[in-house]
Amino acid sequence: MRALTWQGKRNVTIEEVPDPRIQEPTDAVIRITSTAICGSDLHLYELFGPFLEKGDILGHEPMGIVEEVGSAVEGLMPGDRVVIPFVIACGDCFMCARGLTTQCETTQNRATGSGASLYGYTSLYGSVPGGQAERLRVPLADFNATKVGSALPDDRYLFLSDILPTAWQGVAYANVPEGGTLGVMGLGPVGQFAARIGRHLGHRVIAVEPVPERRAMAERYGVETLDMPDALDALRDLTDGRGPDAIVDAVGMEAHGAPGTAAAQAVVGALPDALAKPMMQHAGLDRLTALHTAFDAVRRGGTVSLSGVYVGTADPMPMMTLFDKQIAIRMGQCNVQTWRDTVLPLVEDEADPLGTADLTTHRVPLEQGPELYETFQKKEDGCIKVVLEP
């Protein structure tokens with residue numbers, strides 16, 4: 001089959017690779033009909049080379065048609081249309097029973113000290129082949145494949161794999177009071193959905209984003225938007241001087257700003273893997289411009305919810321500010337399976353209240369994936385969300 005593979009920093013290629021096959025009785029194999037490029041895939045494209053091997057198949061936002069099932073699979077059959085959450089979990093362990101599927105004790109990566117296995121996301125998370133390919137092996141398929149209907153187009157369902165439940169969890173963790181104001185840092189795909197979810201739940205939403213096309217998209221859903229310059233003062237001015245009740249940081253570690261940190265990341269990325277791995281695991285730094293702005297802007301007693309990915313182990317944190325302002329912080333990889341029953345009815349609603357059909361800006365064949373990685377990273381050509389068609 002054809003698949004998009006990692007070959008080095010800013011170097012991904014389409015290669016011929018072996019077809020996946022049933023390895024365990026609980027597996028399924030699907031033919032992928034749509035698969036997206038996620039903002040966190042750009043971390044692999046740019047930073048995570050020490051934890052990747054040449055030829056690793058990327059991607060963790062797929063959906064498609066079941067082609068084959070293992071002998072122990074009970075809820076799926078060939079021909080079923082499914083969305084695959086990026087988290088691989090068992091559904092039965094201590095953590096899964098508490099809704100923490102990203103901490104699943106069956107697929108947890110204890111050797112690396114990481115949580116549940118993820119598709120296409122480095123040796124830290126199991127080195128599981130990803131979904132930017134023509135086919136995908138789905139472990140523990142009964143729990144991890146979400147069956148969907150046949151009438152609606154892929155884009156109405158595809159984002160259930162990651163970014164839509166990620167945004168929902170981010171807003172849920174933000175704990176916005178009734179009638180409150182939600183701030184959103186960043187209007188990439190997760191930020192777009194977080195802002196729309198906030199409006200859907202009846203909150204006032206103010207989002208901060210430097211790219212005009214992204215602000216314009218959010219404004220179609222009643223979101224107030226701000227450019228980055230003077231965002232801190234503007235967030236306060238728009239909220240009686242207090243700041244929003246809660247802020248979702250949908251940016252993460254590759255925020256704009258902090259040129260010194262960006263230079264340090266580049267240096268580490270150029271080291272041999274044997275040196276770079278311990279540096280990233282024990283002295284890694286993120287660019288924290290968006291996060292620190294959130295801490296400064298949120299009102300006293302408010303909540304900052306982190307949906308953007310951070311990986312630094314030596315990030316400086318403004319502990320005095322956090323303590324003095326009594327700020328609550330919630331964060332973590334999205335427990336996709338926990339939220340799917342909540343979000344699926346909204347996806348299938350004829351009115352499409354979260355605008356799932358109004359996010360994809362670039363839909364291209366799988367073969368064009370490498371060039372779209374570059375376009376997405378550079379935020380060129382109005383690129384907000386890329387969907388690949390194998």
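Keep in mind that this is a model prediction, so the values were computed, not measured.
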**Asked** At what distance, to the nearest 0.5 angstrom, does CG of Leu4 lie from CD1 of Ile57?
**Response** 9.5 Å

**Prompt:** Under 3.5 Å, side chain of Ser117 to main-chain N/O of Thr107, donor-acceptor pair present?
**Reply:** yes

**Prompt:** Does the side chain of Leu76 come within less than 4.5 Å of Lys147's, by heavy atoms?
**Reply:** yes

**Prompt:** Just how far is it from atom CG of Leu136 to atom CD1 of Ile30, taken to the nearest 0.5 Å?
**Reply:** 5.0 Å

**Request:** With the side chain counted from C-beta on, respond yes when Arg204 and Leu238 share a heavy-atom pair under 4.5 Å apart, and no when they do not.
**Result:** yes

**Prompt:** Just by modelled atom types, is the Arg242 backbone N or O under 3.5 Å from a matching donor or acceptor in the Asp240 side chain?
**Reply:** no

**Message:** With heavy-atom distances below 4.5 Å as the criterion, would you say the side chains of Gln333 and Leu118 are in contact?
**Reply:** yes

**Message:** Checking the side chain of Arg215 only, and the main-chain atoms of Pro210 only, is there a donor and an acceptor separated by less than 3.5 Å?
**Reply:** yes

**Prompt:** Should we say atom CE of Met317 is surrounded by more than 12 heavy atoms from elsewhere, each under 6.0 Å from it?
**Reply:** yes

**Request:** Examine Ile163 and Leu388 and state if one hydrophobic cluster contains both, with Ile, Leu, Val, Met, Phe, Trp and Tyr joined whenever side-chain heavy atoms are less than 4.5 Å apart.
**Result:** no

**Prompt:** Does CG in Asp324 sit with more than 12 non-hydrogen atoms of other residues, nucleotides or ligands closer than 6.0 Å?
**Reply:** yes

**Request:** Give a yes or no on whether a salt bridge exists between Lys9 and Glu46, defined as a side-chain N under 4.0 angstrom from a carboxylate O.
**Result:** yes

**Prompt:** Is the count of non-hydrogen atoms from other residues, nucleotides or ligands lying under 6.0 Å from Glu380 atom CD greater than 12?
**Reply:** yes

**Prompt:** Looking at Ala250 and Gly186, what are the two nearest heavy atoms and their distance?
**Reply:** CB-O, 4.0 Å

**Request:** Keeping the roles fixed (side chain from Gln132, backbone from Ala36), state whether a donor-acceptor pair exists under 3.5 Å.
**Result:** yes

**Asked** If you round to the nearest 0.5 Å, how far is CZ of Arg98 from SG of Cys93?
**Response** 9.0 Å

**Message:** A quick test of your reading: do over 12 heavy atoms of other residues, nucleotides or ligands sit less than 6.0 Å from CD of Glu178?
**Reply:** no

**Message:** With heavy-atom distances below 4.5 Å as the criterion, would you say the side chains of Ile84 and Ser161 are in contact?
**Reply:** no

**Item:** Between OG1 on residue Thr106 and CG on residue Leu140, distance to nearest 0.5 Å
**Value:** 7.0 Å

**Asked** Can we say Lys385 and Glu61 salt-bridge, meaning some charged N sits less than 4.0 Å from an Asp/Glu carboxylate O?
**Response** yes

**Prompt:** Do the side chain of Asp41 and the main chain of Ile37 share a donor and acceptor less than 3.5 angstrom apart?
**Reply:** no

**Asked** Do Ile22 and Val29 have side chains that get closer than 4.5 Å, going by heavy atoms?
**Response** yes

**Message:** Within this structure, what is the OG1-CD distance for the pair Thr303 and Gln326, rounded to the nearest 0.5 Å?
**Reply:** 10.5 Å

**Request:** Starting from the C-alpha separation in whole Å, work towards a yes-or-no answer on side chain to side chain contact (heavy atoms under 4.5 Å, CB included) for Thr356 and Phe193.
**Result:** CA-CA 9 Å; Thr356 56; Phe193 276 140; 4.2 Å; yes

**Asked** How are the rings of Trp168 and His200 set relative to one another: parallel (under 30°), tilted (30 to 60°) or perpendicular (over 60°)?
**Response** tilted

**Pair Met1-Ile32, side chain to side chain contact (heavy atoms under 4.5 Å, CB included): steps then yes or no** = CA-CA 11 Å; Met1 70 173 183; Ile32 294 173; over 6 Å; no

**Asked** Which value, rounded to the nearest 0.5 Å, describes the distance between Ile197 atom CD1 and Gln169 atom CD?
**Response** 11.0 Å

**Prompt:** Between Arg363 and Glu389, is there a side-chain N and carboxylate O pair less than 4.0 Å apart?
**Reply:** yes

**Prompt:** Do you know the tightest heavy-atom contact between Pro139 and Asn144?
**Reply:** O-ND2, 3.2 Å

**Any side-chain heavy-atom pair of Met63 and Thr146 under 4.5 Å** = no

**Asked** Is a side-chain N or O of Asp352 found less than 3.5 angstrom from the main chain of Ala357, in a donor-acceptor match?
**Response** yes

**Asked** Below 4.0 angstrom, N of the basic side chain to O of the carboxylate: do Asp296 and Lys325 qualify?
**Response** no

**Prompt:** Does Asp358 offer a backbone N or O that forms a donor-acceptor pair with the side chain of Gln192 under 3.5 Å?
**Reply:** no

**Fill in**
Exactly one of Leu187, Thr361, Thr360, Val211 clears side chain to side chain contact (heavy atoms under 4.5 Å, CB included) with Ile384, and that residue is Thr361

**Request:** Would you mind reporting whether Pro85 and Arg340 have side-chain heavy atoms less than 4.5 Å apart?
**Result:** yes

**Asked** Which heavy atom in Ser305 sits nearest to a heavy atom in Tyr173, and how many Å separate them?
**Response** OG-CB, 3.5 Å

**Request:** Could you tell me whether Lys378 and Glu374 have a side-chain N and a carboxylate O separated by less than 4.0 Å?
**Result:** yes

**Prompt:** Is Val138 close to Tyr119 at the side-chain level, that is, under 4.5 Å between some pair of heavy atoms?
**Reply:** yes

**Request:** Please confirm whether the backbone N or O of Thr101 pairs with a side-chain atom of Asn335, one donor and one acceptor, at under 3.5 Å?
**Result:** yes

